[in-house]
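For reference, the structure is listed below as structure tokens.
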Amino acid sequence: MERIIHDALDGLGVGTLDAFVASRIKRLESIVGKLRRAGLCMKLNEMNDIAGCRIVVPTLDDVRLVAGRISEVAPLKDAHSIKNYIDFPHPNNDGYRGIHLTTRHDAPSVDLRGLFCETQVRTRLQHAWATALETYDVASREGLKFGRGSENAKRFFQITSALFAMAEGGSTTGVVTEPVEELRRELSEIEEQDHIQKRLQACSGSVAILSDESFSGAAYCVLDIDFELQCTSLYTFSEEDVFKAERLYFELERKALEGESTLKDALLVKVSSLKGLGDAYPNYLVNVRFFLESLSRLLA
């Protein structure tokens, strides 16, 4: 799917848009959470996004342009393979925005057919919002991505998403209809009670990738993120060593699920360079900081 995406971007001359692309395997915690989500009634073999790609571009127009091009050149799963969470909010009303496309792929080398991959296309601001929510979930263990969590936390992310959408010229979610000044006042009250922005700031304060490694060409990266120590250990594997990368990743996931550390997270991603890793998965630091800075400007 990465090759298809890069070909599509090249066809659009999208290099001038400063887009970045990365692939990932869905986290075990996210897989389990989605299967257990109330009202979803999904089986594991029906899940479309275990394998995924992410494209982040500057503007809403870029999102629509790129998503439209991919839908023209990629083998879509079916007639319902495109989900526009920009114009039509996500069903759980958490404020998530982006366009998702589910495509079908064959892997003849391992005798597999009809595999699915979900490609997410977002603006940088939408990506920063999603990263902030994921970071808050790791730190608080509230499970906002799965429809759980406190009412204040849910409302905080609904409001911030709506404010960002207004700033980008997009539509707001149906659950946020109040005037901007009322939204600002409500965010202030939530912050006084739950200190959500302060908790995000603590997570983003000085997290940095700790690695002396550099690489060229495609590589699998395992990121072991420790919010308490404010650091991320990076392990890189060649394409031939993908099974070693997966073993390490699943071991880190197991430790997190068994509660051996409550302020740790793990990611397994495939990128073409260390710079690409820093662009797409900057261990939460850049995106959370960008989220807080953008929100601060909107509340000023």
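The figures that follow rest on heavy atoms only: side chains count, while hydrogens, waters and symmetry mates do not.
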What residue pairs, at least two apart or across chains, pass ring pair (Phe, Tyr, Trp, His ring centres under 6.0 Å) with a residue in residues 164-202?
Phe164-Phe291
By salt bridge (Lys or Arg N to Asp or Glu O under 4.0 Å), Glu191 pairs with (sequence neighbours left out) none
Going from CD1 on Ile190 to CD on Glu151, what distance comes out if it is rounded to the nearest 0.5 angstrom?
10.0 Å
Between Leu60 and Gln126, is any pair of side-chain heavy atoms under 4.5 Å apart?
yes
Going through the checks in order, is the side-chain contact (heavy atoms from CB on, under 4.5 Å) test met by Leu183 and Arg155?
CA-CA 10 Å; Leu183 296 177; Arg155 186 63 176 166; 4.2 Å; yes
With rounding to the nearest 0.5 angstrom, report the CD to CZ distance, Glu189 to Arg184.
15.0 Å
Can you name the side-chain contact (heavy atoms from CB on, under 4.5 Å) partners of Asp241, sequence neighbours left out?
Phe237, Ser238, Lys244
Using the side-chain contact (heavy atoms from CB on, under 4.5 Å) criterion, which residues pair with Glu182? Sequence neighbours excluded.
Glu178, Pro179, Arg185
Determine, using the 4.5 Å side-chain heavy-atom cutoff (strictly less than), whether Ile99 and Phe88 are members of one ILVMFWY cluster.
no
Under the salt bridge (Lys or Arg N to Asp or Glu O under 4.0 Å) rule, collect the residues that match up with Arg247, sequence neighbours excluded.
none
Let me confirm one number: the OH-CZ distance from Tyr136 to Phe156, rounded to the nearest 0.5 Å.
8.5 Å
Please output the side-chain donor-acceptor pairs of residues 293-300 that fall under 3.5 Å, not counting sequence neighbours, one pair per line with the distance.
| residue | atom | partner | partner atom | Å |
| --- | --- | --- | --- | --- |
| Ser294 | OG | Phe290 | O | 2.8 |
| Ser294 | OG | Arg297 | NH2 | 3.3 |

Sequence-distant partners of Ser188, side-chain hydrogen bond (donor to acceptor under 3.5 Å, both in side chains), two or more places apart:
none
Check for a donor-acceptor pair, side chain of Ser161 on one end and backbone N or O of Gln158 on the other, with a separation under 3.5 Å.
no
To the nearest 0.5 Å, tell me how far Thr103 OG1 sits from Leu115 CG.
10.5 Å
Who passes salt bridge (Lys or Arg N to Asp or Glu O under 4.0 Å) against Glu192, sequence neighbours left out?
none
Residue pairs passing the salt bridge (charged side-chain N to carboxylate O under 4.0 Å, His left out) test where at least one lies in residues 87-100, sequence neighbours excluded
Arg64-Asp87
Across all chains, not counting sequence neighbours, the side-chain contact (heavy atoms from CB on, under 4.5 Å) partners of Ala130 are Tyr96, Arg122
Counterpart residues, salt bridge (Lys or Arg N to Asp or Glu O under 4.0 Å), relative to Glu240 (two or more places apart):
none
With no hydrogens and no angle check, is any side-chain donor or acceptor of Glu142 less than 3.5 Å from a backbone partner on Ser150?
yes
Mark yes or no for whether Asp137, through its side chain, and Leu144, through its backbone, hold a donor-acceptor pair below 3.5 Å.
yes
Looking at residues at least two apart in the chain, or sitting in another chain, which of them share a side-chain hydrogen bond (donor to acceptor under 3.5 Å, both in side chains) with Thr59?
Asp62
